[in-house]
Amino acid sequence: MGVFSVTGNHDYGDYRDWKSAAAKKQNFEDLKRVHANMGWDLLMNEHRILEQGGEKLAIVGVENWGAIDRFPKYGKLEQAREGTEKAAVKLLLSHDPSHWRAQVLPEFLDMDAMFSGHTHGMQFGVRMKQFQWSPAQYVYPEWAGLYKENSRQLYVNVGYGFLGYPGRVGMRPEITVFELERG
């Protein structure tokens, strides 16, 4: 039914010096083209309705939105969810998990689940079935795995890449597969 993606804070090129505004803009256009070339549907503050057996599910995707000031707030969730009113389930793709507590939970009660990344688990920590710890938890209340609040859920994937240090200590790379079932 498709592969959907969203942008994260590093995708905009905000953290480096560019020779010109045009070069920065071209870099972002190149990134969008890579998503398209891979067959990924890049959701830029928009949604897609998936329908099967008469049931509608909305995949809502926003550009990066971070509650911490140093991370950009390009995401426009109000715009992205316009037209999803008839969907029985709404799944949100938003790169930064701080978006969930800061805006999604208090303002967008119709979002059933959110999927994020961003933290990388700070590439350092311990993750076991009954226990997990990372310095990431001192910055992000939700930093790895599944979180539930009332009937709403957030999943934070620690990813498979790295930033800065080219490795991981105790924070294994992750690709997560979810199977949705009728409730």
Side-chain angles (χ1 to χ4, degrees), residues 2-48 58-84 90-108 111 113-124 134-145 147 154-168 171 173-176 178:
V3 175
F4 304 93
S5 60
V6 293
T7 52
N9 56 301
H10 287 276
D11 294 333
Y12 300 92
D14 292 341
Y15 305 128
R16 64 176 281 200
D17 293 325
W18 294 93
K19 291 181 182 179
S20 67
K24 180 181 177 185
K25 182 178 180 188
Q26 184 60 53
N27 181 71
F28 192 60
E29 293 304 315
D30 291 345
L31 177 127
K32 292 192 290 188
R33 192 170 20 266
V34 167
H35 282 248
N37 289 343
M38 290 189 300
W40 295 4
D41 188 352
L42 179 59
L43 300 177
M44 304 281 294
N45 301 316
E46 56 193 329
H47 70 272
R48 300 291 181 264
I59 305 290
V60 180
V62 294
E63 293 186 63
N64 195 78
W65 195 103
I68 298 172
D69 288 339
R70 71 179 181 263
F71 298 120
K73 288 181 177 61
Y74 297 119
K76 296 174 178 66
L77 184 48
E78 184 65 46
Q79 172 186 321
R81 67 189 261 277
E82 286 177 14
T84 64
K90 295 176 190 156
L91 306 178
L92 173 62
L93 307 179
S94 181
H95 176 72
D96 189 322
S98 68
H99 191 196
W100 192 59
R101 191 153 301 285
Q103 188 182 51
V104 177
L105 282 177
E107 298 176 37
F108 296 92
M111 290 295 131
M114 179 172 143
F115 301 90
S116 289
H118 182 67
T119 71
H120 299 259
M122 287 193 174
Q123 297 166 225
F124 178 80
S134 166
Q137 70 191 48
Y138 303 115
V139 180
Y140 295 95
E142 296 84 21
W143 60 274
Y147 300 87
L154 165 68
Y155 190 84
V156 183
N157 181 300
V158 297
Y160 59 86
F162 61 87
L163 179 64
Y165 171 69
R168 292 169 172 260
M171 194 58 54
E174 174 182 11
I175 296 175
T176 310
F178 289 94

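Along the sequence shown, residues carry numbers from 1.
Here the straight-line distance linking atom CD of Gln26 with atom CH2 of Trp18 works out to 10.0 Å at 0.5 Å rounding. Distance check, rounded to the nearest 0.5 Å: CE of Met44 to CD of Gln79 gives 10.0 Å. Atoms CE and CG, on Met122 and Leu163 in that order, are 10.5 Å from each other to the nearest 0.5 Å. In this structure, NZ on Lys90 lies 12.5 Å from CD1 on Ile59, to the nearest 0.5 angstrom. If you take NE2 on His99 and CG on Leu93, they are separated by 12.0 Å, rounding to the nearest 0.5 Å.
Within the 3.5 Å criterion, the main-chain N or O of Thr84 finds no donor-acceptor partner in the side chain of Arg81. The closest donor-acceptor contact from the side chain of Ser116 to the backbone of Val156 lies at 3.5 Å or more, if one exists at all. Under the 3.5 Å distance criterion, the side-chain polar atoms of Glu46 are left unmatched by any main-chain donor or acceptor of Gly61. With hydrogens and angles disregarded, a donor-acceptor distance shorter than 3.5 Å links the side chain of Gln123 to the backbone of Tyr165. A donor-acceptor contact shorter than 3.5 Å is absent between the side chain of Glu174 and the backbone of Asn157.
Between Tyr15 and His10, the distance from one ring center to the other falls under 6.0 angstrom.
Under the 4.5 Å side-chain criterion, counting only non-hydrogen atoms from C-beta, Gln103 is in contact with Phe108. The side-chain heavy atoms of Ser94 and Trp100, taken from C-beta on, include no pair separated by under 4.5 Å. Side-chain atoms of Leu154 and Val104, non-hydrogen and from C-beta on, never get closer than 4.5 Å to each other. Between Asp14 and Lys24 there is a side-chain heavy-atom pair separated by less than 4.5 Å. Between Asn9 and Asp96, the closest side-chain pair of non-hydrogen atoms is not below 4.5 Å. In this structure, Glu78 and Glu107 have side chains that are not in contact, with every pair of non-hydrogen atoms separated by 4.5 Å or more. The closest side-chain heavy-atom distance from Val3 to Met38 is not below 4.5 Å.
Asp11 and Tyr74 form no side-chain donor-acceptor contact under 3.5 Å, judged by distance and modelled atom types alone.
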Stepwise side chain to side chain contact (heavy atoms under 4.5 Å, CB included) check, Trp65 with Lys76: CA-CA 8 Å; Trp65 195 103; Lys76 296 174 178 66; over 6 Å; no

Assess whether side chain to side chain contact (heavy atoms under 4.5 Å, CB included) is satisfied between Tyr155 and Phe178, documenting all intermediate values. CA-CA 10 Å; Tyr155 190 84; Phe178 289 94; 3.4 Å; yes

Begin from the C-alpha positions of Ile68 and Val139 and carry the test side chain to side chain contact (heavy atoms under 4.5 Å, CB included) through to its verdict. CA-CA 9 Å; Ile68 298 172; Val139 180; 3.7 Å; yes

In sequence, state the C-alpha distance, the side-chain angles, and the governing distance for Leu92 and Val62, and then conclude on side chain to side chain contact (heavy atoms under 4.5 Å, CB included). CA-CA 8 Å; Leu92 173 62; Val62 294; 4.3 Å; yes

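Across every non-hydrogen atom of His120 and Arg168, the tightest pair is O-NH1, 3.8 Å. In plain terms, the two heavy atoms of Ala136 and Gly121 that are nearest each other are CB-C, 4.1 Å. Minimum heavy-atom separation, Ala67 to Ser98: N-OG, 2.9 Å. Looking at every heavy atom in both residues, Tyr147 comes nearest to Pro141 through CE2-O, 3.9 Å. The heavy-atom pair separating Met171 from Val158 by the smallest distance is SD-CG1, 4.0 Å.
Among His95, Lys32, Glu63, His35, the single residue meeting the side chain to side chain contact (heavy atoms under 4.5 Å, CB included) criterion with Thr7 is Glu63.
More than 12 heavy atoms of other shown residues, nucleotides or ligands fall within 6.0 angstrom of atom CG in Asp30. Residue Asn37 places its CG atom among more than 12 non-hydrogen atoms of other residues, nucleotides or ligands, all under 6.0 Å distant. Atom OH of Tyr160 sits in a sparse spot, with 12 or fewer heavy atoms from other residues, nucleotides or ligands closer than 6.0 Å.
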